[in-house]
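Some notes on the structure that comes next.
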Amino acid sequence: MTTEIRLNNRHLHPLFGLAAIVGSLAILFAEPARALDYASLEAAKAVPLPEREYLTAQDGLRLAVRHYTPASARRALVFYHGGGANADAGYQLLAQQLGDAYQTAVILPDMRGHGASEGERGAPVSKDRVWADVDTALDYAHARYPGLPVYLGGHSSGASMLLNYSQWKEATPVDGLLLIAPQLGYKSGTDRQTETPFARVSLSSFILYRLSFSLLCAQCTAVEFDYPPEIQSRANLVDRYTVQMSLAVTPNAPDDQVGALQVPVNMWIGDQDELFDPLKVQQFMAAHANPKWLNENRLVSGEGHFSILRRAGTLMGDWLVTQP
(Lines give C-alpha, C1' and ligand atoms only; values in the text may rest on other atoms or scores of the structure.)
Protein backbone atom coordinates (compact mmCIF):
# COMPACT_ATOMS: atom_id res chain seq x y z
CA MET A 1 0.00 0.00 0.00
CA THR A 2 1.31 3.47 -0.86
CA THR A 3 1.46 5.92 2.00
CA GLU A 4 1.12 9.47 0.79
CA ILE A 5 2.03 12.60 2.67
CA ARG A 6 0.80 15.85 1.17
CA LEU A 7 3.23 18.72 1.27
CA ASN A 8 2.98 22.13 -0.31
CA ASN A 9 5.93 21.88 -2.69
CA ARG A 10 6.26 18.63 -4.53
CA HIS A 11 9.70 19.07 -6.07
CA LEU A 12 11.01 17.34 -2.93
CA HIS A 13 10.85 14.19 -0.86
CA PRO A 14 9.84 14.12 2.83
CA LEU A 15 12.06 13.62 5.85
CA PHE A 16 11.72 10.24 7.43
CA GLY A 17 10.77 9.53 11.04
CA LEU A 18 9.30 11.94 13.57
CA ALA A 19 10.02 15.05 11.52
CA ALA A 20 7.90 13.71 8.66
CA ILE A 21 5.01 12.98 11.03
CA VAL A 22 5.22 16.45 12.56
CA GLY A 23 5.36 17.97 9.10
CA SER A 24 2.27 16.10 7.96
CA LEU A 25 0.33 17.13 11.06
CA ALA A 26 1.21 20.73 10.33
CA ILE A 27 -0.94 20.50 7.22
CA LEU A 28 -3.98 20.26 9.50
CA PHE A 29 -3.27 23.83 10.54
CA ALA A 30 -2.20 25.03 7.13
CA GLU A 31 -2.93 28.38 5.60
CA PRO A 32 -5.44 28.58 2.73
CA ALA A 33 -3.99 27.56 -0.61
CA ARG A 34 -2.58 30.21 -2.92
CA ALA A 35 -3.42 29.47 -6.52
CA LEU A 36 -0.37 29.30 -8.75
CA ASP A 37 -0.35 32.13 -11.27
CA TYR A 38 -0.06 30.20 -14.53
CA ALA A 39 -1.90 33.01 -16.31
CA SER A 40 1.07 35.35 -15.87
CA LEU A 41 3.15 33.12 -18.11
CA GLU A 42 0.38 32.83 -20.67
CA ALA A 43 0.17 36.63 -20.77
CA ALA A 44 3.91 37.16 -21.29
CA LYS A 45 4.73 38.50 -24.74
CA ALA A 46 5.56 35.96 -27.39
CA VAL A 47 9.27 35.40 -27.95
CA PRO A 48 10.70 33.83 -31.11
CA LEU A 49 12.22 30.45 -30.30
CA PRO A 50 15.64 29.59 -31.73
CA GLU A 51 15.95 26.18 -33.33
CA ARG A 52 16.61 23.41 -30.85
CA GLU A 53 20.12 22.06 -30.69
CA TYR A 54 21.01 18.66 -29.29
CA LEU A 55 23.96 17.85 -27.05
CA THR A 56 25.22 14.34 -26.46
CA ALA A 57 25.21 13.36 -22.81
CA GLN A 58 27.99 11.27 -21.30
CA ASP A 59 25.82 8.16 -21.64
CA GLY A 60 24.84 8.94 -25.24
CA LEU A 61 21.36 10.46 -24.69
CA ARG A 62 20.42 13.51 -26.74
CA LEU A 63 19.75 16.58 -24.62
CA ALA A 64 17.73 19.44 -26.13
CA VAL A 65 18.79 23.07 -25.62
CA ARG A 66 17.52 26.42 -26.81
CA HIS A 67 20.44 28.78 -27.40
CA TYR A 68 19.64 32.49 -27.38
CA THR A 69 22.55 34.38 -28.96
CA PRO A 70 22.98 38.17 -28.72
CA ALA A 71 24.71 40.14 -31.45
CA SER A 72 27.79 40.44 -29.27
CA ALA A 73 28.11 38.27 -26.18
CA ARG A 74 30.10 39.30 -23.12
CA ARG A 75 29.11 36.31 -20.98
CA ALA A 76 27.00 33.14 -21.07
CA LEU A 77 24.35 31.77 -18.71
CA VAL A 78 23.17 28.17 -18.56
CA PHE A 79 19.72 28.31 -16.95
CA TYR A 80 17.63 25.35 -15.74
CA HIS A 81 13.85 25.05 -15.58
CA GLY A 82 11.79 24.03 -12.55
CA GLY A 83 10.16 20.73 -11.62
CA GLY A 84 8.34 18.96 -14.44
CA ALA A 85 8.89 21.89 -16.81
CA ASN A 86 11.18 22.50 -19.80
CA ALA A 87 13.01 25.30 -21.59
CA ASP A 88 9.87 26.51 -23.39
CA ALA A 89 7.66 26.70 -20.30
CA GLY A 90 8.06 30.38 -19.45
CA TYR A 91 11.83 30.82 -19.69
CA GLN A 92 12.14 32.24 -23.20
CA LEU A 93 11.34 35.80 -22.11
CA LEU A 94 14.20 35.99 -19.60
CA ALA A 95 16.55 34.62 -22.26
CA GLN A 96 15.51 37.30 -24.72
CA GLN A 97 15.80 40.05 -22.09
CA LEU A 98 19.34 39.01 -21.21
CA GLY A 99 20.39 38.85 -24.85
CA ASP A 100 18.78 42.08 -26.02
CA ALA A 101 19.67 44.34 -23.10
CA TYR A 102 22.64 42.70 -21.36
CA GLN A 103 24.80 41.06 -24.06
CA THR A 104 24.34 37.70 -22.36
CA ALA A 105 24.05 34.46 -24.28
CA VAL A 106 21.52 32.14 -22.63
CA ILE A 107 21.44 28.37 -22.96
CA LEU A 108 18.20 26.77 -21.78
CA PRO A 109 18.52 22.97 -21.49
CA ASP A 110 15.69 20.50 -21.10
CA MET A 111 16.75 18.15 -18.32
CA ARG A 112 16.90 14.52 -19.41
CA GLY A 113 13.43 13.05 -19.51
CA HIS A 114 11.89 16.54 -19.87
CA GLY A 115 10.68 18.51 -22.86
CA ALA A 116 12.45 17.45 -26.04
CA SER A 117 15.37 15.69 -24.32
CA GLU A 118 15.66 11.94 -24.51
CA GLY A 119 15.26 9.71 -21.50
CA GLU A 120 12.34 8.21 -19.64
CA ARG A 121 10.03 10.96 -18.41
CA GLY A 122 11.01 12.08 -14.91
CA ALA A 123 13.01 8.88 -14.37
CA PRO A 124 16.80 9.12 -14.74
CA VAL A 125 18.90 6.01 -14.18
CA SER A 126 20.61 7.85 -11.32
CA LYS A 127 20.80 11.33 -9.82
CA ASP A 128 24.43 11.57 -10.93
CA ARG A 129 23.29 11.39 -14.56
CA VAL A 130 21.25 14.56 -14.04
CA TRP A 131 24.27 16.36 -12.61
CA ALA A 132 26.59 15.03 -15.32
CA ASP A 133 24.27 16.64 -17.88
CA VAL A 134 25.08 20.02 -16.33
CA ASP A 135 28.74 19.34 -17.16
CA THR A 136 27.68 18.63 -20.75
CA ALA A 137 25.82 21.96 -20.98
CA LEU A 138 28.73 23.86 -19.43
CA ASP A 139 31.18 22.23 -21.85
CA TYR A 140 28.95 23.43 -24.69
CA ALA A 141 28.88 26.98 -23.27
CA HIS A 142 32.66 27.13 -22.86
CA ALA A 143 33.18 25.79 -26.37
CA ARG A 144 30.83 28.39 -27.88
CA TYR A 145 32.17 31.29 -25.79
CA PRO A 146 35.84 30.60 -25.08
CA GLY A 147 37.39 33.01 -22.63
CA LEU A 148 34.07 34.51 -21.50
CA PRO A 149 32.57 34.12 -18.01
CA VAL A 150 30.00 31.32 -17.74
CA TYR A 151 27.29 31.38 -15.08
CA LEU A 152 24.74 28.84 -13.87
CA GLY A 153 21.16 29.72 -13.00
CA GLY A 154 17.90 28.00 -12.23
CA HIS A 155 14.31 28.45 -11.18
CA SER A 156 12.60 26.56 -8.35
CA SER A 157 13.87 22.97 -8.27
CA GLY A 158 16.19 23.81 -11.16
CA ALA A 159 17.93 26.15 -8.72
CA SER A 160 18.04 23.49 -6.00
CA MET A 161 19.43 20.94 -8.45
CA LEU A 162 22.35 23.33 -8.93
CA LEU A 163 23.01 23.38 -5.19
CA ASN A 164 23.39 19.60 -5.39
CA TYR A 165 25.54 19.90 -8.51
CA SER A 166 27.82 22.49 -6.92
CA GLN A 167 28.84 19.96 -4.25
CA TRP A 168 29.23 17.09 -6.71
CA LYS A 169 32.83 15.89 -6.89
CA GLU A 170 32.92 16.22 -10.69
CA ALA A 171 31.30 19.66 -10.97
CA THR A 172 32.73 22.15 -13.46
CA PRO A 173 33.68 25.52 -11.89
CA VAL A 174 31.50 28.49 -12.89
CA ASP A 175 31.68 32.23 -12.38
CA GLY A 176 28.53 32.53 -10.29
CA LEU A 177 25.10 31.15 -9.37
CA LEU A 178 21.80 32.93 -10.05
CA LEU A 179 18.85 31.41 -8.18
CA ILE A 180 15.24 32.39 -8.89
CA ALA A 181 12.68 31.29 -6.26
CA PRO A 182 14.87 28.37 -5.17
CA GLN A 183 13.36 25.24 -3.69
CA LEU A 184 15.71 24.76 -0.73
CA GLY A 185 14.30 21.41 0.36
CA TYR A 186 12.27 20.08 3.24
CA LYS A 187 15.15 20.47 5.70
CA SER A 188 15.26 24.24 5.18
CA GLY A 189 11.82 24.92 6.68
CA THR A 190 11.03 27.39 3.90
CA ASP A 191 7.96 25.75 2.33
CA ARG A 192 4.48 27.14 2.69
CA GLN A 193 2.06 24.81 4.47
CA THR A 194 -1.08 24.97 2.35
CA GLU A 195 -4.35 23.04 2.38
CA THR A 196 -4.11 22.27 -1.33
CA PRO A 197 -0.63 21.04 -2.20
CA PHE A 198 1.14 21.43 -5.52
CA ALA A 199 1.56 17.65 -5.79
CA ARG A 200 1.66 14.36 -3.89
CA VAL A 201 4.65 12.57 -2.42
CA SER A 202 4.73 8.80 -1.91
CA LEU A 203 6.46 8.36 1.44
CA SER A 204 6.58 4.57 1.08
CA SER A 205 8.81 4.83 -2.01
CA PHE A 206 11.46 6.74 -0.10
CA ILE A 207 11.21 4.48 2.93
CA LEU A 208 11.73 1.35 0.84
CA TYR A 209 14.64 2.99 -0.98
CA ARG A 210 16.35 3.94 2.28
CA LEU A 211 15.64 0.70 4.14
CA SER A 212 17.04 -1.32 1.23
CA PHE A 213 20.27 0.73 1.25
CA SER A 214 19.34 2.19 -2.14
CA LEU A 215 18.89 -1.25 -3.74
CA LEU A 216 15.11 -1.11 -4.19
CA CYS A 217 12.59 1.42 -5.49
CA ALA A 218 15.05 3.83 -7.13
CA GLN A 219 12.62 4.00 -10.06
CA CYS A 220 9.41 3.97 -8.02
CA THR A 221 7.12 6.95 -8.45
CA ALA A 222 7.91 9.38 -5.64
CA VAL A 223 6.25 12.64 -6.69
CA GLU A 224 3.10 13.35 -8.71
CA PHE A 225 2.66 16.96 -9.82
CA ASP A 226 -0.75 18.60 -9.75
CA TYR A 227 -0.39 20.68 -12.89
CA PRO A 228 -3.76 21.51 -14.48
CA PRO A 229 -4.29 18.92 -17.25
CA GLU A 230 -4.72 21.48 -20.01
CA ILE A 231 -1.47 23.24 -19.07
CA GLN A 232 0.40 19.97 -18.63
CA SER A 233 -0.57 18.87 -22.13
CA ARG A 234 -0.02 22.21 -23.85
CA ALA A 235 3.37 22.87 -22.23
CA ASN A 236 4.57 19.24 -22.45
CA LEU A 237 5.12 19.01 -18.69
CA VAL A 238 6.26 15.91 -16.78
CA ASP A 239 3.61 14.73 -14.35
CA ARG A 240 5.72 12.61 -11.94
CA TYR A 241 9.23 12.02 -10.64
CA THR A 242 10.92 8.85 -9.47
CA VAL A 243 12.98 8.61 -6.28
CA GLN A 244 16.20 9.19 -8.24
CA MET A 245 14.89 12.32 -9.96
CA SER A 246 13.59 13.67 -6.66
CA LEU A 247 16.97 13.12 -5.02
CA ALA A 248 18.72 14.83 -7.94
CA VAL A 249 16.81 18.07 -7.43
CA THR A 250 16.35 18.16 -3.65
CA PRO A 251 19.15 19.48 -1.41
CA ASN A 252 19.99 16.92 1.25
CA ALA A 253 21.78 19.37 3.57
CA PRO A 254 20.79 22.83 2.34
CA ASP A 255 22.43 24.77 5.17
CA ASP A 256 25.79 23.11 4.53
CA GLN A 257 25.39 23.25 0.76
CA VAL A 258 24.60 26.95 0.73
CA GLY A 259 27.40 27.62 3.21
CA ALA A 260 29.93 25.74 1.09
CA LEU A 261 29.41 27.87 -2.02
CA GLN A 262 32.56 29.73 -3.00
CA VAL A 263 31.36 31.62 -6.05
CA PRO A 264 29.19 34.75 -6.22
CA VAL A 265 25.63 33.74 -5.26
CA ASN A 266 22.42 35.65 -5.99
CA MET A 267 18.84 34.91 -4.98
CA TRP A 268 15.59 36.57 -5.99
CA ILE A 269 12.11 35.46 -4.93
CA GLY A 270 8.72 37.13 -5.32
CA ASP A 271 7.21 38.42 -2.10
CA GLN A 272 3.95 36.74 -3.20
CA ASP A 273 5.51 33.34 -3.93
CA GLU A 274 2.81 30.66 -3.65
CA LEU A 275 5.06 27.67 -2.91
CA PHE A 276 7.76 29.01 -0.60
CA ASP A 277 7.73 31.50 2.26
CA PRO A 278 9.78 34.30 0.67
CA LEU A 279 10.94 35.86 3.93
CA LYS A 280 12.10 32.47 5.23
CA VAL A 281 13.99 31.82 1.99
CA GLN A 282 15.70 35.19 2.25
CA GLN A 283 16.53 34.62 5.91
CA PHE A 284 17.86 31.12 5.19
CA MET A 285 20.23 32.44 2.55
CA ALA A 286 21.40 35.25 4.83
CA ALA A 287 21.96 32.86 7.74
CA HIS A 288 23.88 30.17 5.86
CA ALA A 289 25.62 31.69 2.83
CA ASN A 290 29.14 33.00 3.24
CA PRO A 291 28.79 36.83 3.34
CA LYS A 292 31.86 37.05 1.13
CA TRP A 293 29.96 35.36 -1.69
CA LEU A 294 26.32 36.35 -1.17
CA ASN A 295 25.48 39.32 -3.37
CA GLU A 296 21.79 39.82 -4.18
CA ASN A 297 19.36 38.28 -1.67
CA ARG A 298 16.14 40.04 -2.51
CA LEU A 299 12.37 39.87 -2.28
CA VAL A 300 10.77 41.12 -5.50
CA SER A 301 7.65 43.14 -4.88
CA GLY A 302 4.34 41.90 -6.28
CA GLU A 303 5.66 38.73 -7.93
CA GLY A 304 4.73 35.08 -7.42
CA HIS A 305 6.44 31.80 -8.17
CA PHE A 306 5.90 31.99 -11.93
CA SER A 307 5.26 35.68 -12.53
CA ILE A 308 8.79 36.52 -11.36
CA LEU A 309 10.04 34.91 -14.57
CA ARG A 310 8.72 37.92 -16.49
CA ARG A 311 11.29 40.10 -14.66
CA ALA A 312 14.03 37.55 -14.12
CA GLY A 313 16.07 38.66 -17.13
CA THR A 314 16.28 42.22 -15.83
CA LEU A 315 16.98 41.11 -12.26
CA MET A 316 19.85 38.85 -13.31
CA GLY A 317 21.12 41.19 -16.02
CA ASP A 318 21.44 44.17 -13.68
CA TRP A 319 23.81 42.11 -11.53
CA LEU A 320 25.68 40.43 -14.38
CA VAL A 321 26.77 43.73 -15.95
CA THR A 322 28.48 44.71 -12.68
CA GLN A 323 30.84 41.72 -12.95
CA PRO A 324 34.28 41.90 -14.58
Side-chain angles (χ1 to χ4, degrees), residues 8-9 11 34 36-37 40-41 44 75 77-83 85 90-91 93-104 106 108 149-163 165-166 174-185 187-192 251 254-255 257-324:
N8 63 303
N9 174 10
H11 303 319
R34 298 187 179 208
L36 281 162
D37 182 21
S40 67
L41 298 182
R75 65 194 65 82
L77 170 67
V78 178
F79 193 91
Y80 278 89
H81 58 77
Y91 301 97
L93 180 58
L94 70 85
Q96 184 190 59
Q97 290 169 340
L98 283 165
D100 289 351
Y102 298 98
Q103 295 179 283
T104 301
V106 180
L108 299 180
V150 175
Y151 297 86
L152 268 176
H155 171 238
S156 195
S157 63
S160 63
M161 184 271 289
L162 297 179
L163 289 180
Y165 171 78
S166 69
V174 294
D175 291 280
L177 285 177
L178 297 93
L179 311 177
I180 304 294
Q183 184 269 102
L184 294 173
K187 292 183 179 179
S188 70
T190 58
D191 306 316
R192 288 193 185 277
D255 48 355
Q257 289 170 277
V258 169
L261 295 172
Q262 296 186 34
V263 295
V265 182
N266 303 270
M267 191 287 298
W268 299 270
I269 186 169
D271 66 357
Q272 302 299 311
D273 194 285
E274 302 91 345
L275 295 185
F276 314 128
D277 185 311
L279 184 57
K280 288 182 179 179
V281 171
Q282 183 186 50
Q283 291 171 339
F284 187 91
M285 295 296 296
H288 297 290
N290 188 326
K292 174 182 177 181
W293 299 110
L294 184 61
N295 291 269
E296 295 275 357
N297 184 28
R298 182 148 52 106
L299 305 186
V300 181
S301 177
E303 301 296 351
H305 192 70
F306 291 128
S307 68
I308 193 173
L309 294 175
R310 298 176 302 181
R311 295 172 58 185
T314 299
L315 295 168
M316 293 186 288
D318 285 347
W319 179 80
L320 285 168
V321 296
T322 68
Q323 302 308 292

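Basis for what follows: all heavy atoms, side chains included, without hydrogens, waters or symmetry-related copies.
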Pair L309, L93 - check side chain to side chain contact (heavy atoms under 4.5 Å, CB included), show working. CA-CA 8 Å; L309 294 175; L93 180 58; over 6 Å; no
Would you please test V258 and M285 for side chain to side chain contact (heavy atoms under 4.5 Å, CB included) and show each step? CA-CA 7 Å; V258 169; M285 295 296 296; 4.2 Å; yes
Determine whether [X] and [Y] make a side-chain contact, defined as any pair of heavy atoms from C-beta on separated by less than 4.5 Å.
| X | Y | value |
| --- | --- | --- |
| M316 | N266 | no |
| M267 | P182 | yes |
| L178 | L320 | yes |
| V78 | Y151 | no |
| L152 | Y165 | yes |
| L98 | F79 | no |
| D191 | D277 | no |
| E303 | D271 | no |

Interatomic spacing from [atom1] in [X] to [atom2] in [Y] - rounded to 0.5 Å:
| X | Y | atom1 | atom2 | answer |
| --- | --- | --- | --- | --- |
| T190 | Q283 | OG1 | CD | 11.0 Å |
| E296 | W319 | CD | CH2 | 9.0 Å |
| S166 | Q262 | OG | CD | 10.5 Å |
| L94 | L315 | CG | CG | 10.0 Å |
| I308 | S301 | CD1 | OG | 11.0 Å |
| L261 | H288 | CG | NE2 | 12.5 Å |

I'd like to know if the side chain of Q183 reaches the main chain of S156, judged simply by a donor and an acceptor atom lying under 3.5 Å from each other, with no hydrogens or angles considered.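 Between the backbone of S156 and the side chain of Q183 there is no qualifying donor-acceptor contact (under 3.5 Å).
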Given 3.5 Å as the limit, does a donor-acceptor pair link the side chain of Q323 with the main chain of R75, or not?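 Pair absent, no side-chain N/O of Q323 close to backbone of R75.
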Modelled atom types, side-chain donor and acceptor of Y80 and H155, under 3.5 Å: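 Judged by distance alone, the side chains do not pair up.
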List the steps, then state whether side chain to side chain contact (heavy atoms under 4.5 Å, CB included) holds for L77 with V150. CA-CA 6 Å; L77 170 67; V150 175; over 6 Å; no
Could you pull out the closest heavy-atom pair between [X] and [Y], with the gap in Å?
| X | Y | result |
| --- | --- | --- |
| P278 | R192 | CD-NH2, 3.3 Å |
| F276 | A181 | CE1-O, 3.4 Å |
| A159 | L179 | CB-CD2, 3.9 Å |
| P264 | N295 | CB-ND2, 3.5 Å |
| K280 | G189 | CD-O, 3.4 Å |
| D175 | P149 | OD2-CA, 3.3 Å |

Could you point out which residue of L299, I269, D273 forms a side chain to side chain contact (heavy atoms under 4.5 Å, CB included) with V281?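 Considering L299, I269, D273, a side chain to side chain contact (heavy atoms under 4.5 Å, CB included) with V281 is found only for I269.
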Between N297 and W268, does a side chain to side chain contact (heavy atoms under 4.5 Å, CB included) hold up when you go through it step by step? CA-CA 6 Å; N297 184 28; W268 299 270; over 6 Å; no
